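Single-structure report; data block below.
All of these numbers come straight from a predicted model, not from anything done at the bench. Note on naming: letters A, B, ... go to the chains in the order of the sequence lines (proteins, then strands), and numbering restarts at 1 for each one.
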Number of protein chains: 2
Amino acid sequence: MSIEEAIELLKQHGYKTTGKRKDILAFFSRADGYRTAKELIRHLEESYDGISFDTVYRNLHLYNDVGILETTELNGEKHFRFNCTDHHHHHFICKDCGKTKEISVCPMDAVQSDLHQYEIEDHKFEIYGLCPACKSA
Amino acid sequence: MSIEEAIELLKQHGYKTTGKRKDILAFFSRADGYRTAKELIRHLEESYDGISFDTVYRNLHLYNDVGILETTELNGEKHFRFNCTDHHHHHFICKDCGKTKEISVCPMDAVQSDLHQYEIEDHKFEIYGLCPACKSA
DNA sequence: CGCACAAAACGTAATCATTCTTATTTACAT
DNA sequence: ATGTAAATAAGAATGATTACGTTTTGTGCG
């Protein structure tokens, strides 16, 4: 997902393109991993004085809804990152820096037989730890 | 994990066995799935007038620390269930009733090769949806 | 049994992330 | 340029969780 694609997506859904929205996209574009609402707020405060929580959360949810961001929950806080739209996969997530690494295997194929009468809506497979950079630091 | 095993575990760690602690164990023994702190508080309020949040959360964390309970995060709320100590496995979790079904496959075996230099600390594999009972209801 | 002491529980306030509300401002199609 | 729906501000409200000073209660030991 690139910034241009994201803006295009917003337009397609009839949403406006504001400076703050572009800045939020730029933030996640640079981020390369999961970030919290708080981190985003801190970043936006540098450029915008008196940025409101509401603006941040509203746009995070909007971006999640239209598929620009994906989200996960960690330590009671929601974390967001640019959506990997291309194909289904999972992530290793660094506990220190939030950066992610793509994991190719998805266990769902092997699972179906266990859950005959069950209605599967969603699944989560994440690996947590330290990335090479944070490990050696 | 049985109530007796749990009490034994507490004693081994030098923790006292109080009426409330036994009631909490009984609650999870009967629960058969993930429950929230709120649900537990509601249950305890029936027997104990003026039960304190502190008591509930302190004991939930204690139980988690000594391995009586395991925990997962769902919709911004922590959920707890009796720990399945016997062997490593994962769960299907019903979004309606919180009941779980054991999933035999663990994807970690197939993953190691992707993460050479990474330090793996933990992982999570959960499937969400509706159990047969809630599906037909 | 009863005492002493540490652990547990109380009651409540504080905190943290997130959501809601109302009024005002802004982007963008016409 | 203007009207209008969307976006934002500012801060209060909410919901889950944690923290704190005080009081109560298990439990080991004489």
Side-chain angles (χ1 to χ4, degrees), chain A residues 3 6-27 34-66 68-69 71-81 98, chain B residues 3 6-27 34-66 68-69 71-81 98:
Chain A
I3 296 184
I7 292 178
E8 190 48 42
L9 255 176
L10 283 178
K11 287 213 172 126
Q12 276 171 29
H13 285 82
Y15 294 110
K16 294 179 179 167
T17 313
T18 69
K20 292 189 185 76
R21 288 206 168 144
K22 278 190 233 167
D23 268 19
I24 295 176
L25 292 176
F27 173 79
Y34 279 103
R35 296 286 167 258
T36 64
K38 206 193 307 176
E39 288 175 297
L40 176 56
I41 288 171
R42 266 201 294 270
H43 169 73
L44 290 174
E45 274 171 346
E46 290 172 17
S47 322
Y48 303 94
D49 202 35
I51 180 99
S52 145
F53 292 140
D54 194 45
T55 301
V56 173
Y57 283 107
R58 187 168 22 73
N59 283 320
L60 286 174
H61 286 158
L62 171 63
Y63 284 3
N64 185 51
D65 287 347
V66 303
I68 293 172
L69 295 180
T71 170
T72 192
E73 213 164 318
L74 213 44
N75 304 323
E77 246 180 306
K78 278 175 196 130
H79 289 59
F80 303 84
R81 60 158 286 151
Chain B
I3 296 184
I7 292 178
E8 190 49 41
L9 256 176
L10 284 178
K11 288 213 171 124
Q12 276 171 29
H13 285 82
Y15 294 111
K16 295 180 179 167
T17 313
T18 70
K20 292 190 185 74
R21 289 207 166 144
K22 281 190 233 168
D23 268 21
I24 294 175
L25 292 176
F27 173 79
Y34 279 102
R35 296 286 167 259
T36 64
K38 205 195 305 175
E39 288 176 298
L40 176 57
I41 288 172
R42 264 203 293 270
H43 169 74
L44 289 174
E45 274 172 345
E46 291 172 17
S47 321
Y48 303 92
D49 203 35
I51 183 97
S52 143
F53 292 139
D54 194 42
T55 301
V56 173
Y57 283 105
R58 185 166 23 72
N59 283 319
L60 286 173
H61 286 156
L62 171 64
Y63 285 4
N64 186 52
D65 287 348
V66 303
I68 292 172
L69 295 179
T71 170
T72 192
E73 212 166 320
L74 212 47
N75 305 322
E77 244 179 307
K78 277 174 196 131
H79 289 59
F80 303 83
R81 60 159 287 149

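Nearest to the side-chain atoms of A:Ile51 among the listed nucleotides D:dA9, D:dT18, C:dG11 stands D:dA9. Side chain of A:Lys78, nearest nucleotide from D:dT8, C:dA17, C:dT18: C:dT18. Listed nucleotides D:dT18, D:dA16, C:dT18 differ in distance to B:Glu77; the shortest reach to its side chain belongs to D:dA16. When distances run from any side-chain atom of B:Phe53 to the nucleotides D:dA9, D:dA7, D:dT18, the shortest one goes to D:dT18. Distances from the side chain of B:Asn59 to the nucleotides D:dG11, C:dA9, C:dA17 place C:dA9 closest. Nearest to the side chain of A:Tyr57, among D:dG11, C:dA9, C:dA17, sits C:dA17.
Closest of all the heavy-atom pairs between A:Val56 and A:Ala37 is CG1-O, 4.2 Å. Between A:Asn64 and A:Leu69 the shortest heavy-atom distance is OD1-O, 3.2 Å. Scanning both residues, B:Glu73 and A:Asn75, for their nearest heavy atoms gives OE1-N, 3.7 Å.
Between A:Leu74 and A:Tyr34 the shortest side-chain heavy-atom distance does not fall below 4.5 Å. Between A:Phe27 and A:Leu44, every side-chain heavy-atom pair lies at or beyond the 4.5 Å cut-off. Contact annotation: the side chain of B:Asn59 approaches that of B:Arg21 to within less than 4.5 Å [non-hydrogen atoms, C-beta and beyond].
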- Give the B/S/- string for nucleotides 22-30 of chain D, one per nucleotide from 5' to 3', where a protein heavy atom under 4.0 Å of the base yields B, of only the sugar-phosphate yields S, and otherwise -. ----BS---
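Comparing A:Gly14 and A:Asp49 by the nucleotide of DNA chain D whose heavy atom lies nearest to each, the residue mapping closer to the 5' end is A:Gly14. In terms of position on DNA chain C, the residue among B:Arg21 and B:Ser52 whose nearest nucleotide sits closer to the 5' end is B:Arg21. Comparing A:Phe80 and B:Lys20 by the nucleotide of DNA chain C that holds the closest heavy atom to each, the one mapping nearer the 5' end is B:Lys20.
The CD1-P distance, from A:Ile41 to C:dT18, rounds to 8 Å in whole Å. As a whole-Å value, the separation of A:Asp23 CG from D:dA7 C1' is 15 Å. For B:His13 and C:dA8, the NE2 to P distance is 13 Å, given to the nearest whole Å. For the pair B:Ile24 CD1 and C:dA8 C1', the interatomic distance rounds to 11 Å; values are reported in whole Å. The interatomic distance linking B:Asp54 (CG) with C:dA13 (P) rounds to 14 Å, in whole Å. At whole-Å resolution of the value, CD1 in A:Ile7 and C1' in D:dA7 are 16 Å apart. Rounded to a whole Å, the CG atom of A:Leu40 is 14 Å from the C1' atom of C:dT18. If you take CG of B:Leu44 and P of C:dC10, they are 9 Å apart, rounded to a whole angstrom.
Contact annotation for A:His61: backbone-only contact, meaning every heavy-atom pair under 4.0 Å involves sugar-phosphate atoms and none involves a base.
A donor-acceptor contact shorter than 3.5 Å links the side chain of A:Thr71 to the backbone of A:His79.
Taking 4.0 angstrom as the limit, B:Arg58 places none of its side-chain polar atoms (N or O) nearer than this to OP1 or OP2 of D:dT18. Residue A:Thr55 places at least one side-chain N or O under 4.0 Å from the OP1 or OP2 atom of D:dA9.
Taking the side-chain hydrogen bond (donor to acceptor under 3.5 Å, both in side chains) definition, one finds that A:Asp23 meets it with A:Tyr48, sequence neighbours left out.
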